[in-house]
Each structure stands twice: as structure tokens, then as C-alpha cells.
Amino acid sequence: MPQLISQAWNWFQRLLLKQTILVLTLMFCVALGVALSDMSRLSSSLIESQASENAQSYAQSLNHAIDLYSSAAVDRLKTDKVEVTSDYLSHIGAVPVPSTFAIELANGISQNNEQMMVRLYSDYPFPSRKAKGEGGPKDNFERAALKFLRQNPQQKFQRMEKLDGHTSWRYGEANIMKPSCVACHNTDPNSPKKDWEVGNVAGVWEINQSLDNFVGKRNENLQGTFFTLGGISVLGVLGLSLVIGKLGQTAKDLELRVRERTADLADANTELDQRNTLIRQVFGRYISDNVVANLLESPEALQLGGERRQITILTSDLRGFTALSERLQPEEVINILNLYLEYMVEAINRYHGTIDEFMGDGLLVLFGAPITRENDATRAVACACAMQLAMGAVNEYMKQLGLPRLEMGIGINTGVVVVGNIGSEKRTKYGIVGSQVNLTYRIESYTRGGQILIAEPTFKEVGSIVSIEAQKQVQPKGFQQPISIYEVNGIGGFYNLFLPQEEEIFFSVPEQIPLQYTIVQGKHLNNTIFRGRLVKLSTKGAEILADNLQEDSLPLELTNIKLNIIHKDSTEVREDIYAKVWKKLPNTRSFCIHFTAVPLNAQAQLDTLYQSLSNS
């Protein structure tokens, strides 16, 4: 329905543009009709108003004349013994009563004025007048006026009427009984009603004015006005036609020029789009699409400098990939990395992250720079969940190659950093600087493979839709106060992404396996070598019992260690295995580890041992 309305409106607009002269002519005609209608209505109102005022003036004059006759003449004649009667013509020397005088005065006015008829009538006429058919109401107007004015004696009853092609204004006003009238009527033997009281409505004064002359003059004036306005309208339409014709020709010339310029601009825009597409394709492989778009749309963004801004930072790293890459051909390493990054970049782009750095197998991703959105922290957590879920497809490929699984740890933090262009005029990089960047790397270093850890500011930004597995207090290197970190296992709401939950089952080893381990501090190995035994084994980790150590001398939780299994009946150590301490068992000398990098041969032996333990 809305589409049909839009199409109809567009068609109407095109019709208006094509038929301008016709539309203007119709508009002039409509305006002329409206003007004449308003003038006619105004003239009618003025005629009615004037007729009403004239009728009221006549009624006032008649009432004043009757009052004067009654008080100045009749009352004095009564004292001189002059007879006052309605049938005064039959009595020598008699005078008429005021009501008779009023009726005959009205008749006299009506006979001498062709444009006006004055009448006093009542529904209680004297018998002599009733016999002549003169006293009572004669038509609907008179009956309606008498009924209305008996109920509303102080108001007027008036309206315009048309009869046999003649227009008249009929006015009715109540004739109120006064004290002298009451005494006269109640004592007159011929009076049909002898219980009159002062203030009663005795009858109605009707003044009927002919409006034919006024209406005729009005129609003549309107006709003249019509021809005058019509002539002006015709001249106006002709003038506008000339102007519109000239404008139409000018518009055609301008339209031709606009088409030529538009074609030129379209060619230029096509060329520019092709160049921008090439720039995006080329540079988008080296820097984020968001940064490329920002540079293309705002060239001033190339200037060196930065700004403070709150953003959410995501860092990720593959566990043990460095050790694995040392045992593979360079081509294999690059192929694996490219496959892994293909899945990761697709997830990052889906959640509008900006890739700031590829650091070997690690990633630095920004949410909130260069473009800030309201849900930067939420999208960062959703992106991390999507990246961990995408590792399933990566490991399917690793399985086809006969290589061990890859595991990734992700750390997320939200804070204020400096973002902008860093470098020189010849070489510039869009990047971030600040302690919050370092803190994000520290948080990522605490992760085991498959884990997502977020800082407390990120947790507060995301809110209740994030699913938390555990919370820890840690003291990152270079920071004075401990911080809270949260292990994420999913995010609900619109995103609905949850990591698979796998229960890790440990089996006791019948013969404890001797080993030695060393603490990894940053990128360096501690010189102190500790001894212990592998007492329990799972698919991804183990429980280690330390030899000759107090509980407080055990490696701290989230510490990275390098361990070597010692051959039975020999002091020879096997290949290096890297792991992270993720739990210390209270009141024992034991701690649990999660393997982060295991050589292929060692992994095969551990898998074989685990299968035998699980089947026994």
C-alpha cells in the first residue's frame, strides 16, 4: 500500500511539471470561485445584518409610539370621560384602545411602503378581528415566532425566507403586557382573555422586509467583479505562460548541460572508485579496512599525531606454535599460519574489529578505533568467542596433516590509550600506546589454550549477557595493584556464542614418571631445575608431585614452565614440553598443569599412555 501511494504521488508530480499552464489555469479558476463565494457570503451577511438592524429600529419606534399613545393620550381622555374601545368607529367621539391603534398603525405603514409589511398579531384576537381573519398567526413563521417568544420574551425571532422567487427578511419581537394594557384588556367586555398579567406576551410584532432590491444589486456587483477578476486571471495566466515558456527553454538548456557534466562526473567517479577499490584491495591486505576507509574519506587522517580514547583491546596467541614451527618446513609453517589467520580475520571483520598488528601467530585487535561504536566491548567478547569456535575448523586441517592440535589464548581489556598515526613522514603506522596495551598482553599471558580472559572494566562494559566460568585475582608485572580477571565461556543475547565444555578427567599413573622442570620468566628460562613426578594424566594436562619442596615453594598459578621427562633407569631427559600451572592443590606438594607445547613424539607417547589408563 505505501508503495502504491508513493507511485501515485510521483505520477501526480510529473503531471504537474508537464502541464504547468493547465494547472495554473485551474488554480486561478478555483481561486476565482473561492473569492466570489466568499464575497457572496459576506454580502449576504451584510444584507441580513442591515435588515435585522432596520427591523429592530422599526420595532422600537412602534413600541415607543404605542407607549406614548397609551400614556399621553388614552389615559388623559379617560379622565375627560371619552370612550376608549376597540370598536371606536361605531361610537361617536370614541378613540381606539392602544392595541387597536397599534394594529391600524401597522396596517398603515404596510400600505404606504411596498418594501415592508408590519403586523401585530396574537393568538387571542378580539372577536371582530377574528371574524375578519386578521388577528391570529397566518403561517408557519408566525406560529413558530409566537411559540418561541412566549418561552423567550426578551429574545428576537428572525430569518430569511424565499417565496415565489422573492427574498424577504422576517423579524419577530414579543409585545409585552404593561400595567395599563392589563387593566384595559381584563375589563373590556370584548376581550377574549381577562386574566392577563403584567409581563405576559400579548402578541408578536412582525416586520417583513423585502430584500429583492439588495439581492439584485449584490448580484450585479458580483457579476461585475467576476468579469474583472476573470480578466485579471486571463492576463495573469498569459503572462505566466510566457515566463514559463522562457523558463522551460532555459531549463532544457540547463538540463543538457547538467547531463553532460553528470556524465563527466560519472566517468570521474567510476575512475575514482576503481582507484579506491585498488587501494582497498592492495593496502587492505596490510592494514585494516577501517583504517583504509578512514584515510580515503579523510585525507587529513594521514597527519602524524594521536588522541586519548577509551577502546577495547584484544590480543591472541597460539600456545606452543613457536616450538612446533621449529620442527616444520618454512612453507608448512606459512601455510598453517595463513589458514589460521584466514579464519581469525573473518571473525574479526564480522564483529568490526580493527587489526592493528600481526605478530607471527599473535594478533592485536582494536575495538573503538579508528571508529567508535557504543558496543565496542561487547563485540570484542563476541569476536573472541567466534575466534575460539573457529579453531575447530583449523584443527580439522591440522588433523589431516597429521599435526597436533593448535590452541589459542585470548586476553581482552578496556581502557584509555593514545591512538593515532605513529612514525615519520616517510613511514607511518596507525597504532596505540599506553599502559592498558601492556596490561592486555599480561592478561593474555595468563591464559591456557582455549581460554578467554577479560579484565574487570571489560566485564562491567559487557554486563550480564557474558557467561563467566571463573574469577581470579592476579598481580601483573609492572602494575602496583592486583587486578581481577574473568574466564569467559560464552556470550548470550543477540550473539548467542558459547564455547564447548569438556570435562577434563585425570587418571592416576601406576608408575609415577620422573621429570624435571624449570620456571619460564618472560622469554627466559630460570637456571634452577626442580625435580618431580607425573602422578596423574589427562588429555590436555597432568598433575605433578614436586620432590623435596615445601608447599609455598611450588610454582605460582598461571606460571609457565618447561619440563622434561627423565628416561627410566637413566638420567637422560627427553624433548622439551611446555605447560602452564593452572592450579595448586592445597595441603600437598602437587600442582596441575595444562600442556601448551608438546613435541610430536612426546604427544604420541602421552596419548598412548592416556588411552591405556582410560581403558583399564
* To do: Mind running side-chain contact (heavy atoms from CB on, under 4.5 Å) on N413 and T312 for me, showing each step along the way?
  => CA-CA 6 Å; N413 179 34; T312 298; over 6 Å; no
* Please assess F148 against Q155 for the test side-chain contact (heavy atoms from CB on, under 4.5 Å), listing each intermediate value before the final yes or no. => CA-CA 9 Å; F148 174 81; Q155 297 187 26; 3.4 Å; yes
* Apply ring pair (Phe, Tyr, Trp, His ring centres under 6.0 Å) to the pair F157 and Y171, showing each step before the final yes or no. => CA-CA 6 Å; F157 187 84; Y171 173 90; 9.8 Å; no
* Take E161 and S168 through the test side chain to side chain donor-acceptor pair (under 3.5 Å) and record every step on the way to the result. => CA-CA 6 Å; E161 290 191 350; S168 62; 5.3 Å; no
* **CA sep, side-chain torsions, deciding dist, call: E469, V488, side-chain contact (heavy atoms from CB on, under 4.5 Å)** => CA-CA 6 Å; E469 177 76 17; V488 174; over 6 Å; no
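For the pair I313/V437, a side-chain contact is recorded, criterion being any heavy-atom separation below 4.5 Å from C-beta on.
Between Y486 and F459, the angle of the ring planes stays under 30°, which puts this pair in the parallel group of the 30/60° scheme.
Across all their heavy atoms, L389 and P500 have their closest contact at CD2-CD, 3.8 Å. Of all heavy-atom pairs spanning V345 and I355, the tightest one is CG2-CD1, 3.7 Å.
Contact check on E407 versus K540 returns a salt bridge, with a Lys/Arg side-chain nitrogen under 4.0 Å from an Asp/Glu carboxylate oxygen.
Separation of atoms CZ (R442) and OG (S435) is listed at 11.0 Å; rounding is to 0.5 Å. Atom CG of residue D376 and atom SG of residue C383 lie 12.0 Å apart, to the nearest 0.5 angstrom.
Ring centroids of F321 and Y340 are separated by 6.0 Å or more, keeping the two rings apart.
Checked by atom type, the side-chain pair T414/E461 shows no donor-acceptor distance below 3.5 Å. When only modelled atom types and interatomic distance are considered, Q471 and E487 share no side-chain donor-acceptor pair under 3.5 Å. A donor and an acceptor atom, one from each side chain of Q473 and S484, are located under 3.5 Å apart.
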Please tabulate, for side-chain N and O atoms in residues 391-401, each donor-acceptor pair with protein atoms closer than 3.5 Å (sequence neighbours left out).
unit_1 : atom_1 : unit_2 : atom_2 : d
N395   : OD1    : L406   : N      : 2.6
N395   : ND2    : M391   : O      : 3.2
N395   : ND2    : L406   : O      : 3.1

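Residues that satisfy the side-chain contact (heavy atoms from CB on, under 4.5 Å) test with D317, not counting sequence neighbours, are R319, D361, E444. Take E357 and apply the salt bridge (charged side-chain N to carboxylate O under 4.0 Å, His left out) test, not counting sequence neighbours, and it matches K429.
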